[in-house]
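Written out below as structure tokens is the structure these notes cover.
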Amino acid sequence: MTVDNFFQNAISEWMRGDGPHSDIVISSRIRLARNLKNHPFPLLYTNTESNAVIEEVKSSISQEQIKRIGSFTFIPLEDLTLLQKKVLVEKHLISLHLANESRKGAVAISENESISIMVNEEDHIRIQCLYPGLQIYDAWKIANEIDNIFEQKLDYAFDEKRGYLTSCPTNVGTGIRASVMLHLSALVLTGQINRIIPAITQVGLTVRGIYGEGSEALGNLFQISNQITLGQTEEDIIENLHGVVNQIIEHERQSRKNLIQESRVQMEDRVGRAFGILSYARNIDSKEAMERLSDLRLGIDLQLIKGISASVINELMVMIQQGFLQQYAGGELNVEERDVRRATIIREGLSSLQKE
Amino acid sequence: MLCENCGVRPATLHFTKIINDKKTEFHLCEQCAKEKGEMMGDNDGFDSFSFHHLLSGLLNFDQVVNNDHSLKEEKEAIRCKTCGLTFSQFKKSGKFGCSDCYHYFEPHLEPIFRRIHGNTQHSGKVPLRSGKKIKQKKELNTLRTQLQQKITSEEFEEAAKIRDQIKELERKLSERRG
């Protein structure tokens with residue numbers, strides 16, 4: 001297993017798998033923030049301290065019990081190029097924060113890329129588990145297991161009253177962030193999303209774009225996650241999220257049904273146009289590409305278009321991102337070059353399918 | 001100066017936004033500004049406010065309410081003895097410097113946690129190994145208080161029993177450490 005694999009494939013092995021509700025739910029994620037006692041948080045690090053923490057985490061990853069969960073590759077971020085870091089962000093394997101402040105950071109990624117352990121991000125350790133579809137409980141189970149194994153060796157900063165102590169007060173307590181990525185194109189099309197988002201935020205959850213904090217909801221992809229980490233148990237937090245997500249899935253399904261029943265021609269037109277543009281465009285920016293891919297994906301899920309699998313669309317959505325595009329091209333590209341390249345990748349991706 | 005967003009291209013656009021008397025400066029390259037511009041237009045500018053801006057707003061909440069300056073200055077000057085971070089620095093960055101900051105800033109954290117989480121007391125997972133130690137330490141403290149009570153009430157036989165229990169626990173705790 002070489003490090004190169006992480007940068008060559010747009011779609012992680014884990015994403016090829018099918019999960020429950022995968023027509024609407026792209027992925028489920030659990031992230032645990034943990035810190036070590038007796039070390040300042042990465043914000044106030046010296047190089048000696050960052051190395052000490054990296055060594056401690058490295059040795060806990062090499063434990064037999066961890067090897068049974070997965071085979072991990074440990075990558076110091078300073079060994080990566082700017083583009084490689086971007087690719088890892090686009091594949092959700094590292095956070096933007098780790099990529100930007102990478103001087104002292106490292107990441108351990110499991111072979112199928114469903115588990116990544118970030119070191120010296122905002123917190124010393126961030127354990128992240130990704131699963132396809134709605135499998136938030138399974139993701140928690142694995143993250144919890146890794147956490148328990150780590151704790152046998154590592155002295156965590158934990159306080160009876162405040163729980164796991166984190167660099168940012170928004171993560172203190174359980175240190176958990178559970179999130180689910182949803183493709184809500186029918187709710188966006190019908191405008192219902194504007195009613196749903198404020199409702200979600202009232203029950204202690206937040207809605208963000210695909211690349212986390214401050215990012216736009218490109219391609220009708222929304223990330224819903226818990227906001228509260230202190231005062232609730234992990235199970236309560238996950239159950240709350242799960243319950244709300246299930247309701248949203250119901251709404252999206254109902255909207256899709258209504259769209260098909262009431263405006264079948266318009267939907268066929270929309271999907272057909274998206275397919276046409278994506279199949280023949282020679283120059284396309286990322287926003288338009290994401291919108292059309294979202295339409296196409298909806299068309300596949302509504303069975304208006306046959307012969308293309310939804311996972312191909314997932315793959316294309318990552319492949320056309322800035323970092324991946326340039327990594328694939330083998331170097332930096334300017335805006336126009338990227339738009340041309342993006343159109344080519346999509347065209348080739350779609351046409352290769354039709355021949356099969 | 002490089003673009004704040006991509007960190008690659010030079011920042012060519014500089015602008016200041018004021019929302020609710022809060023001033024934020026942006027330095028972006030043309031492309032990122034274009035991308036961001038769409039975002040701002042679409043969402044009334046709220047998305048461009050990162051969560052941390054909102055957070056430091058939360059942390060500074062009491063500045064408006066609390067006009068007692070001497071009290072405020074005293075509070076700002078509190079310093080974490082382990083990492084040296086002051087409370088005022090914490091409020092600015094919204095980040096603690098080390099796990100001991102929680103201890104040194106403790107008297108001022110309750111309202112912050114309540115505002116963020118609506119709760120102040122952890123009720124989730126407890127680490128398996130060090131959690132055992134916490135439990136034993138708690139037990140030790142209760143036993144010590146009991147010992148004092150027994151001595152004051154001159155129940156020496158009972159006190160001796162408790163003393164032995166304390167010794168046993170202390171031995172266990174130091175073993176684990178070694």
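Proteins get letters first, then strands, A, B, ... in listed order; numbering begins at 1 in each.
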*Quick one: which of A:V172, A:L82, A:D159, A:N35 has the most heavy-atom pairs under 4.5 Å with chain B, could you say?*
A:V172
*Report the option among A:A157, A:G231, A:G204, A:P40 that has the most heavy-atom pairs separated by less than 4.5 Å from atoms of chain B.*
A:G231
_Using heavy-atom distances under 4.5 Å, tell me whether B:T82 contacts chain A through its side chain, its backbone, both, or neither._
neither
_Top of A:E160, A:E234, A:E151 for chain B proximity - count of heavy-atom pairs under 4.5 angstrom_ = A:E151
*Just checking, is any N or O donor in the side chain of A:N171 or A:R177 under 3.5 Å from an acceptor N or O on the other one?*
yes
*At a heavy-atom separation under 4.5 Å, does A:Q152 approach chain B through its side chain, its backbone, both, or neither?*
backbone
*asked:* Counting only heavy atoms from other residues, nucleotides and ligands, does the tally under 6.0 Å from CG of A:N38 exceed 12?
replied: no
*Determine yes or no for a side-chain-to-main-chain donor-acceptor pair under 3.5 angstrom, with B:Q148 supplying the side chain and B:R144 the backbone.*
no
_Check whether A:Q202 reaches the backbone of A:A199 with its side chain - one donor and one acceptor, N or O, closer than 3.5 Å._
no
_chain B interface, residue from A:T233, A:L230, A:D236, A:I237 that has the most non-hydrogen pairs under 4.5 Å_ = A:L230
*Between A:K153 and A:Q63, does any side-chain donor sit less than 3.5 Å from a side-chain acceptor?*
no
*Would you mind checking which part of A:I176 comes under 4.5 Å of any heavy atom in chain B, side chain (CB onward), backbone (N, CA, C, O), both or neither?*
neither
*Tell me, side chain or backbone of A:I197 under 4.5 Å from chain B's heavy atoms, or both, or neither?*
neither
*Under 4.5 Å, heavy atom to heavy atom: which of residues 97-104 of chain B reach chain A? Give them by number, or say none.*
B:G97, B:C98, B:S99, B:Y102
*Could you list which of residues 41-50 of chain A have a heavy atom closer than 4.5 Å to any heavy atom of chain B, in residue-number order?*
A:F41, A:L43, A:L44
_Leading residue by heavy atom contact count with chain B [cutoff under 4.5 Å; candidates A:K161, A:K86, A:E235]_ = A:K161
*Any side-chain donor paired with an acceptor under 3.5 Å for A:E56 and A:H124?*
no
*Should A:D155 and A:L36 count as side-chain neighbours, where that means a heavy-atom distance under 4.5 Å?*
no
*Are the side chain of A:D123 and the backbone of A:I125 linked by a donor-acceptor contact shorter than 3.5 Å?*
no
*With only heavy atoms counted, which part of A:N148 is less than 4.5 Å from chain B, the side chain, the backbone, both or neither?*
both
*Is A:R34 close enough and on-axis enough to A:Y164, meaning under 6.0 Å and within 45°, for cation-pi?*
yes
*asked:* Could you tell me if A:N220 and A:S294 have a donor-acceptor pair between their side chains, going purely by distance under 3.5 Å?
replied: yes
*Please answer whether the main-chain N or O of A:V87 pairs with a side-chain N or O of A:Q321 as donor and acceptor at a distance below 3.5 Å.*
no
*Heavy atoms only: give me the nearest A:I224-A:I200 pair and the separation to one decimal.*
CD1-CD1, 3.8 Å
*Given that the side chain runs from C-beta out, which part of A:N144 has a heavy atom under 4.5 Å from chain B: side chain, backbone, both or neither?*
both
_Could you check whether any side-chain N or O of A:R342 sits under 3.5 Å from a backbone N or O of A:I320, counting only pairs where one atom can act as donor and the other as acceptor?_
yes
*asked:* Is it true that A:E121 and A:S95 share a donor-acceptor pair across their side chains at a distance under 3.5 Å?
replied: yes
_Testing the 3.5 Å rule here: is there a donor-acceptor pair between the side chains of A:T229 and A:T174?_
no
